[in-house]
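When reading the values below, keep in mind they use all heavy atoms of this one structure, side chains included, and skip hydrogens, waters and symmetry mates. Here the structure is a predicted model, which is why all the values come from computation and not from measurement.
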Amino acid sequence: QVQLVESGGGLVQIGGSLRLSCVVSGRTFSSFHMGWFRQAPGKEREFVAAITSRGSSTYYPDSVKGRFTISRDNAMNTVYLQMNSLKPDDTAVYYCAAARLGLGVPSNPSNPSKYSYWGQGAQVTVSS
């Protein structure tokens, strides 16, 4: 049974920073590409970042590029999302997701259907 557990969410002021962590258990972590998505109330789930299984490539939408950084530590079975210069529009529940190799994540990292496993979510609130 693959499990993903996020941590590190919370309340932060505009311009502040947070780092989310996601620990994966139940299967060899390096066999997954990893992604982060977010969902705000009343909105669809949105792609935030992705990283390939060995960490050689990362992907971001324009909305977070230059502010967010995804990284992974395969020895610790953990993927991170460093979020800087946070804005009110970044307020959402953030989910980490794991995708098995061979399902095409590097060619289409923003497609949530490519990811087989999801965490429970971590709330991030950016206040003024």
Side-chain angles (χ1 to χ4, degrees):
Q1 183 79 7
V2 177
Q3 290 188 319
L4 286 69
V5 179
E6 299 103 335
S7 61
L11 176 66
V12 64
Q13 291 187 330
I14 293 174
S17 298
L18 279 176
R19 188 176 81 158
L20 301 180
S21 301
C22 174
V23 178
V24 179
S25 61
R27 191 166 172 173
T28 304
F29 180 62
S30 59
S31 68
F32 293 119
H33 301 308
M34 297 298 299
W36 287 95
F37 291 77
R38 66 187 181 188
Q39 189 165 20
K43 295 187 177 181
E44 293 186 354
R45 190 164 294 192
E46 177 188 15
F47 170 68
V48 174
I51 188 167
T52 51
S53 61
R54 296 187 178 183
S56 57
S57 295
T58 57
Y59 310 89
Y60 305 94
D62 288 343
S63 58
V64 307
K65 195 173 293 182
R67 299 189 299 121
F68 290 10
T69 302
I70 188 171
S71 61
R72 65 190 294 160
D73 183 339
N74 284 0
M76 297 296 290
N77 294 349
T78 303
V79 62
Y80 304 97
L81 184 68
Q82 178 68 42
M83 304 183 292
N84 299 329
S85 302
L86 284 162
K87 307 174 182 179
D89 283 350
D90 296 319
T91 296
V93 178
Y94 283 71
Y95 299 90
C96 70
R100 295 190 300 270
L101 303 187
L103 294 184
V105 162
S107 61
N108 191 4
S110 63
N111 185 344
S113 69
K114 301 290 186 181
Y115 298 82
S116 303
Y117 307 99
W118 293 81
Q120 81 287 354
Q123 177 70 47
V124 172
T125 302
V126 183
S127 72
S128 56

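Considering all non-hydrogen atoms of both residues, V93 and G121 come closest at CG1-CA, 3.7 Å. The shortest non-hydrogen separation linking R72 to H33 is NH1-CA, 4.1 Å. The minimum heavy-atom distance between R38 and A92, with the atom names listed, is CB-CB, 3.8 Å. Closest heavy-atom contact between Y60 and T69: OH-CA, 3.3 Å. The nearest pair of heavy atoms linking G8 to L20 is C-CD2, 3.5 Å. Closest non-hydrogen pair, F32 versus R27, comes out as CZ-CD, 3.6 Å.
The structure places CG of L11 at 9.5 Å from CD of Q123, a figure rounded to the nearest 0.5 Å. Note that CG of L4 is 12.0 Å distant from OH of Y115, once rounded to the nearest 0.5 Å. Annotation: the span from Q3 atom CD to N77 atom CG amounts to 12.5 Å, rounded to 0.5 Å. Distance CG/L18 to CD/Q82: 8.5 Å, rounded to 0.5 Å. Note: S31 OG to N74 CG = 9.5 Å, rounded to the nearest 0.5 Å.
Proximity of V126 to M83: side-chain heavy atoms (C-beta onward) are nowhere separated by under 4.5 Å. Using a 4.5 Å heavy-atom threshold, the side chains of Y94 and E6 count as separate. Counting heavy atoms from C-beta on, the side chains of R100 and Y117 come closer than 4.5 Å.
Under the side-chain contact (heavy atoms from CB on, under 4.5 Å) criterion, S128 pairs with I14, sequence neighbours left out.
For the 3.5 Å distance criterion, the side chains of R67 and S85 fail to qualify, holding no donor opposite an acceptor.
A salt bridge is defined here as a Lys NZ or Arg NE, NH1 or NH2 lying under 4.0 Å from an Asp or Glu carboxylate O, and D90 with K87 fails to meet this definition.
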Extract all donor-acceptor atom pairs below 3.5 Å that involve side chains of residues 105-112 and protein atoms in other chains or at least two apart in sequence.
| from | atom 1 | to | atom 2 | distance (Å) |
| --- | --- | --- | --- | --- |
| S107 | OG | G104 | O | 2.9 |
| N111 | OD1 | S113 | N | 2.9 |
| N111 | OD1 | S113 | OG | 2.7 |
| N111 | ND2 | S113 | OG | 3.2 |

